[in-house]
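A note on names: the letters A, B, ... follow the listed sequences, proteins ahead of strands, and every chain is numbered from 1.
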Amino acid sequence: MTPLLEIRGLDVEFATDEGVVSAVDGIDLGVGRGEVLGLVGESGSGKSVTALAVFRLIRPPGRIVRGTIRFEGRDLLLLPEDEMRRVRGAQISMVFQSPRTALNPLLPVGRQIARLYALHQGCAPAEAHRRTLEMLGLVGIPEPERRARQYAHQLSGGTCQRVMIAMALATSPRLLIADEPTTGLDVSIAAQILDLLRDLGPRTGASIVLITHDLAVVAGLCDRVAVMHAGQLVECADVRTLFREPAHPYTRALVRSIPRVDREATMEPVPGAVPSLLAAPPGCRYAERCPEVLDTCRRTRPAPIALGPRHEVACHAVEAARAAAPRR
Amino acid sequence: MSTLASGSAEGVAGRRGRAAVAWRRLSRNSLSLAALAAIVAIIVLALAAPLVAPWDPDAPSAEDVLQAPGWRHWLGTDIYGRDQLSRIVWAARVDLLVALAATAMALTAGCVLGALAGYRGGLVDQAVMRAVDTIMAFPAFILAMGITAAAGNATANVVLAIAITHVPIYTRLIRSEMLRVREMEYAEAARTVGNPQRRIIFYHLLPNCFPPVIVQATLAMGFAILTVAALSFIGLGIQPPQSEWGAMTAEGASYIVSGEWWIFLFPGLAIMVTVLAFNLVGDTLRDLLDPRMRGVV
């Protein structure tokens with residue numbers, strides 16, 4: 001079966017006054033039907049840019065330089081703008097990081113959801129309103145009639161995020177992209193929101209791409225994880241495999257940086273900082289931070305190699321180690 | 001769900017509290033309260049002119065020529081014996097209406113141009129802003145004079161002239177607000193759900209640009225009234241026999257030396273009070289709206 005979303009060789013650049021910043025560099029990424037994929041990386045690793053590229057909403061000075069984004073068999077990058085608009089919100093939708101600022105402050109939240117039914121399903125106002133209330137109930141908002149009439153500033157952060165999720169799922173999209181959906185929320189509310197996503201994903205049949213820098217969230221929610229570093233995809237694996245046998249030095253460092261209370265091991269931060277993406281060197285962008293760096297790392301970009309059925313890693317050091325010690 | 005309940009309670013209280021705070025601040029400032037009252041009074045007088053004005057504003061009367069203020073004519077009469085009070089009240093209609101129409105026109109044009117320039121950027125922005133700069137290169141009053149002089153001084157042309165001189169103010173203001181608002185997350189959200197660009201600009205984003213525009217429009221109303229009066233004063237605005245404050249002041253000006261001070265004084269006062277009131281209310285609105293509306297998270 002072909003994957004729902006298949007990104008191939010995606011390059012996104014931003015033209016700044018200092019020069020061209022390569023924010024996403026040759027990413028290959030697939031999302032299966034009904035799958036929950038975690039997209040992990042530090043701030044500035046290109047996670048959100050990748051998400052916006054799927055919506056084809058990279059705004060100047062940014063642009064998608066090359067690549068294909070196939071969704072349901074169609075290359076989104078080749079669609080005319082008005083067809084792309086029918087994909088946005090109807091088949092692919094987005095949940096934002098700070099729910100309160102992602103809702104229009106001057107429109108009642110119910111109106112913002114009802115709008116989607118009118119826009120994408122041609123519903124009459126009464127029907128759109130009825131479905132809106134139904135949707136608000138589905139995401140666990142009590143008294144939907146009253147909430148629908150309220151404005152974002154009258155709702156708590158958790159309720160705003162529930163509204164955002166209701167809005168994102170309103171038109172039964174095939175793919176939901178959640179960009180750090182719990183970052184602005186306190187821990188107990190964040191847990192409720194994650195439960196909601198875990199519950200609603202399968203129920204509506206939507207695949208979910210969960211963008212986060214929190215590996216604990218990934219462990220609890222995702223089927224598969226893709227790790228990004230400085231605009232490059234370094235490793236992609238099942239969630240169990242990734243936590244048990246992280247292959248890429250960066251993934252290993254990330255996993256080691258999770259605080260553990262059940263072990264003596266102290267938590268280790270990932271050394272170094274995300275390198276500047278301005279005039280980035282041709283090789284692996286993790287080379288400057290990598291403890292296992294080889295000469296080739298700085299010169300050529302590592303190609304992804306398969307370690308297992310659903311485990312790919314792009315690293316010269318891993319490749320060299322496998323070549324030196326062929327599998328027993 | 002206690003968090004949800006408490007959240008909403010806060011929200012509602014916050015909303016009422018905000019209105020209450022606004023009213024408390026306004027009522028503490030007796031000057032702005034007086035200004036607001038003055039504007040309301042002038043509008044009511046203008047609307048009720050046929051009922052309020054004691055005399056026909058345009059009917060000359062030979063026996064009442066150049067009467068000083070008194071019981072029969074509270075604010076005196078002019079050289080044709082027309083009642084000054086009645087003329088001032090009727091003139092309020094013209095002055096307010098012309099200023100309002102001009103402001104509405106300029107605001108509409110400014111919203112469309114500023115919103116497009118700010119949101120689209122690039123060539124659209126360049127074209128709009130250079131056009132606006134061209135208008136701004138002329139002193140506003142000289143430009144208004146030029147337009148009425150060239151197009152003929154019908155009331156519609158006066159409105160148009162003032163509107164054109166005011167368009168740059170709104171265009172620049174809305175453009176700068178749009179530059180801020182278009183980067184907000186709700187703008188991104190509006191894009192990701194597939195709204196057409198027109199709707200994103202004019203339905204989702206433009207209303208969020210309004211707070212400073214409301215302030216500017218109030219201040220500009222005062223300025224527009226002043227411009228109508230000034231144009232009429234030099235004979236390029238509203239034409240006689242229609243009574244208009246600036247024209248009346250001009251008629252009265254030639255009688256200052258001969259002692260008939262009431263002819264120019266009262267219409268002049270009407271201009272001053274009205275313009276001052278609009279400016280004071282505009283300033284108060286700025287104090288009330290700006291910090292809180294910009295600070296909303």
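- When atom types are taken as modelled, the side chain of B:R182 and the backbone of B:Y119 share a donor-acceptor pair closer than 3.5 angstrom.
- Comparing A:M94, A:R86, A:R59 by heavy-atom pairs within less than 4.5 Å of chain B, the highest count is held by A:R59.
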Report the C-alpha distance between A:R115 and A:Q112 in whole Å, list the side-chain angles of each, state the deciding distance to 0.1 Å, and finish with yes or no for side chain to side chain donor-acceptor pair (under 3.5 Å).
CA-CA 5 Å; A:R115 163 73 184 148; A:Q112 298 182 52; over 6 Å; no
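- The most heavy-atom pairs under 4.5 Å with chain B, out of A:L52, A:V87, A:N104, come from A:N104.
- Heavy atoms of A:L107 lying under 4.5 Å from chain B belong exclusively to its side chain.
- Contact of A:R56 with chain B is not made at all, since no heavy-atom distance falls under 4.5 Å.
- Of the listed residues A:M164, A:H120, A:E143, the one with more heavy-atom pairs under 4.5 angstrom with chain B than any other is A:H120.
- In this structure, no portion of A:I177 lies under 4.5 Å from any heavy atom of chain B.
- Contact count versus chain A (heavy atoms, under 4.5 Å) is highest, among B:G121, B:G122, B:A189, B:G194, for B:G194.
- A:E127 and A:R131 are joined by a salt bridge, as a carboxylate oxygen and a charged side-chain nitrogen come within less than 4.0 angstrom of each other.
- Salt-bridge formation is not detected for the pair A:R149/A:E145: no Lys NZ or Arg NE/NH1/NH2 atom is positioned less than 4.0 Å from an Asp or Glu carboxylate oxygen.
- The closest donor-acceptor contact from the side chain of A:K47 to the backbone of A:G41 lies under 3.5 Å.
- Interface remark: A:S188 contributes no atoms to any contact with chain B (heavy atom separation under 4.5 Å).
- A:D75 contributes a side-chain N or O that, together with a main-chain N or O of A:I69, makes up a donor-acceptor pair within less than 3.5 Å.
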